[in-house]
Amino acid sequence: MKKQSIEEILHSIPIFKELTVYEIDSLKTIAHTKRYQKYTHVFMQDDHLSNVYFILEGKIKIYKTDFHGREQIVNILHSGDMFPHQGFFRHDNYPAHAEVIEPSTLVYIPKQQFEDFLMQFPQISVKLFRVLGDMIVDLQQRLEEQILHNTQEQVMMLILRLVKKHGKENRHGDVMLAKQFSNKELANMIGTTRETISRTLSQLKKESLIELSANNMWKIDVEKIEDKLFE
């Protein structure tokens, strides 16, 4: 890629957008880009942790599997996100699988070189700690949901999380969410079954909390869902 293109790419990543020309010059010597096709893996769980990745465009599914092959989705990441988070500063293996769920372009930096860069520019470390802190808060909230709420409530909270991350308002002011995940994938996000998700979504449709509209989009009544959760 051309020199200017690399600079533009690095500046488009939120954690790097305020870097000076000197800092970008240092970073671009260790940063690389790669295009990944849908359904390929960036890395597999327990592979040696060698790179840090930033999503320029596309979506990546982070998930774990147990001894029986059961899948637990940890996160769905999109443009601007970095991964992995867990074990980042340890000489360890990748803690989960990273699967491409739509064609993606990633920026990757060898882990040791990125650590050296952070030592040279500690202000970037502060931004990185904020990102990691947000991840910890999110994981804590998910754990609380599993402990304190029944399955239907967990599904509604999952919908609200997906709306916050992927939802958009249409010209009528309705909150829309693309139906991009299967019931099995939704179930794997909260550790339940596909049948439970199907029953819960059917009940939410009956109560007019969600509605399947044109172009395979869900219309989500956020206020009604929040009222039902906290009534």
Side-chain angles (χ1 to χ4, degrees), residues 12-15 32-88 92-109 111 128 131-132 134-143 145-146 151 154-168 176-198 200-201 216-218 220:
S12 71
I13 298 171
I15 198 172
H32 312 272
T33 61
K34 186 174 180 179
R35 184 73 174 170
Y36 290 84
Q37 297 304 312
K38 188 175 182 179
Y39 300 131
T40 59
H41 278 80
V42 182
F43 52 76
M44 303 293 288
Q45 185 173 324
D46 292 328
D47 285 350
H48 177 64
L49 201 164
S50 55
N51 296 316
V52 182
Y53 296 87
F54 302 86
I55 304 175
L56 183 61
E57 62 177 356
K59 289 182 182 177
I60 304 294
K61 177 174 72 174
I62 307 298
Y63 70 99
K64 290 176 173 284
T65 52
D66 62 17
F67 290 113
H68 302 287
R70 290 176 298 207
E71 179 181 299
Q72 173 70 54
I73 295 179
V74 178
N75 215 334
I76 303 294
L77 305 176
H78 54 78
S79 178
D81 287 335
M82 66 164 285
F83 65 97
H85 300 94
Q86 181 181 336
F88 178 77
D92 209 341
N93 299 327
Y94 288 112
H97 305 285
E99 181 183 5
V100 180
I101 56 177
E102 66 178 43
S104 301
T105 300
L106 305 182
V107 174
Y108 69 94
I109 302 173
K111 176 179 175 288
L128 180 60
V131 171
L132 298 177
D134 289 342
M135 288 294 299
I136 292 172
V137 170
D138 179 64
L139 292 173
Q140 287 176 329
Q141 290 175 341
R142 295 190 199 187
L143 180 59
E145 289 172 10
Q146 290 188 331
T151 303
Q154 290 180 45
V155 173
M156 290 191 289
M157 290 178 172
L158 172 61
I159 291 172
L160 293 180
R161 283 204 307 272
L162 293 175
V163 164
K164 184 177 180 180
K165 198 162 189 179
H166 305 287
K168 296 180 181 179
M176 309 301 295
L177 179 66
K179 194 174 183 295
Q180 56 187 309
F181 305 114
S182 67
N183 285 357
K184 182 178 180 181
E185 288 174 321
L186 293 174
N188 289 343
M189 291 180 191
I190 58 174
T192 188
T193 64
R194 179 174 51 191
E195 292 74 19
T196 298
I197 292 290
S198 180
T200 304
L201 292 179
N216 213 30
M217 300 284 289
W218 288 108
I220 310 294

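Just so you know, these numbers come straight off a predicted model, no measurement behind them. Numbers here are sequence positions counted from 1.
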Undergrad: Begin with the C-alpha distance, continue with both residues' side-chain angles, and end with the deciding distance and a verdict on side chain to side chain contact (heavy atoms under 4.5 Å, CB included) for Glu185 and Ile73.
TA: CA-CA 7 Å; Glu185 288 174 321; Ile73 295 179; 4.0 Å; yes
Undergrad: If you measure from the Lys or Arg side-chain nitrogens to the Asp or Glu carboxylate oxygens, is any gap between Arg35 and Glu57 under 4.0 Å?
TA: yes
Undergrad: Going by the rule side-chain contact (heavy atoms from CB on, under 4.5 Å), which residues pair with Lys34 if we only count those two or more places apart in sequence or in a different chain?
TA: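 Per chain and number, Lys34 pairs via side-chain contact (heavy atoms from CB on, under 4.5 Å) with Tyr36, Tyr108.
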Undergrad: So which atom in Asn51 and which in Pro84 form the shortest heavy-atom distance, rounded to 0.1 Å?
TA: O-CD, 3.9 Å
Undergrad: Measure up the Tyr94 and Phe43 rings against each other and bin them: parallel (under 30°), tilted (30 to 60°), perpendicular (over 60°).
TA: parallel
Undergrad: To check you understand the geometry: which heavy-atom pair defines the closest contact between Asp92 and His48, and what is its length?
TA: O-ND1, 3.9 Å
Undergrad: Can you find a heavy atom in the side chain of Leu160 that is under 4.5 Å from one in the side chain of Met156?
TA: no
Undergrad: Do Leu106 and Thr33 have side chains that get closer than 4.5 Å, going by heavy atoms?
TA: no
Undergrad: Give, for atom CG of Asp81 and atom CG of Asn75, the distance between the pair rounded to the nearest 0.5 Å.
TA: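 CG of Asn75 is found 7.0 Å from CG of Asp81.
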Undergrad: Got a donor-acceptor contact below 3.5 angstrom from the Lys64 side chain to the Pro95 backbone?
TA: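 Yes; judged by distance alone, with no hydrogens or angles, the pair exists.
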Undergrad: Applying salt bridge (Lys or Arg N to Asp or Glu O under 4.0 Å), can you list everything that pairs with Lys168, at least two apart in sequence or on another chain?
TA: none
Undergrad: With no hydrogens and no angle check, is any side-chain donor or acceptor of His41 less than 3.5 Å from a backbone partner on Glu99?
TA: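 No, His41 side chain to Glu99 backbone: no donor-acceptor pair under 3.5 Å.
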Undergrad: Does the side chain of Leu77 come within less than 4.5 Å of Phe83's, by heavy atoms?
TA: yes
Undergrad: Which heavy atom in Leu201 sits nearest to a heavy atom in Leu186, and how many Å separate them?
TA: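 Closest pair (atom of Leu201, atom of Leu186, distance): CD1-CD1, 4.4 Å.
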Undergrad: If I compare all heavy atoms of Ala98 with all of Ile60, which pair ends up nearest, and what's the gap?
TA: CB-CG2, 4.0 Å
Undergrad: Which distance, rounded to the nearest 0.5 Å, do you find between the CD1 of Ile197 and the OG of Ser182?
TA: 10.0 Å
Undergrad: Find the distance between NZ (Lys61) and CE (Met189) and round it off to the nearest 0.5 Å.
TA: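 One gets 8.0 Å once the value is rounded to the nearest 0.5 Å.
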Undergrad: Out of curiosity, Leu177 CG to Lys165 NZ, how far, rounded to the nearest 0.5 Å?
TA: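 Answer rounded to 0.5 Å: 12.5 Å.
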Undergrad: Can you list the steps and then say if Lys111 with Leu49 is a side chain to side chain contact (heavy atoms under 4.5 Å, CB included)?
TA: CA-CA 8 Å; Lys111 176 179 175 288; Leu49 201 164; 3.2 Å; yes
Undergrad: Rounded to the nearest 0.5 Å, what separation is found between the CD1 atom of Ile159 and the CD atom of Gln154?
TA: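 The CD atom of Gln154 is 12.5 Å from CD1 of Ile159, to the nearest 0.5 Å.
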Undergrad: Say you draw a straight line from CH2 of Trp218 to CG of Leu162; how long is it, rounded to the nearest 0.5 Å?
TA: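 Taking CH2 in Trp218 and CG in Leu162, the distance rounds to 12.5 Å.
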Undergrad: Ignoring hydrogens and geometry, is there a side-chain-to-backbone donor-acceptor pair from Thr196 to Thr192 under 3.5 Å?
TA: no
Undergrad: Under the 3.5 angstrom rule, does the side chain of Thr40 hit a backbone N or O of Lys38 as a donor-acceptor pair?
TA: no
Undergrad: Are Ile15 and Phe54 side-chain neighbours, meaning at least one heavy-atom pair lies under 4.5 Å?
TA: yes
Undergrad: Let's go through Leu56 and Ser79 carefully: what are the C-alpha distance in whole Å and the side-chain angles of both, what is the deciding distance for side chain to side chain contact (heavy atoms under 4.5 Å, CB included) to 0.1 Å, and is it a yes or a no?
TA: CA-CA 5 Å; Leu56 183 61; Ser79 178; over 6 Å; no
Undergrad: Between Thr65 and Glu71, is there a side-chain donor-acceptor contact under 3.5 Å, judged purely by atom types and distance?
TA: no
Undergrad: Walk me through it: do Arg161 and Ile190 pass the test side chain to side chain contact (heavy atoms under 4.5 Å, CB included)?
TA: CA-CA 12 Å; Arg161 283 204 307 272; Ile190 58 174; 4.1 Å; yes
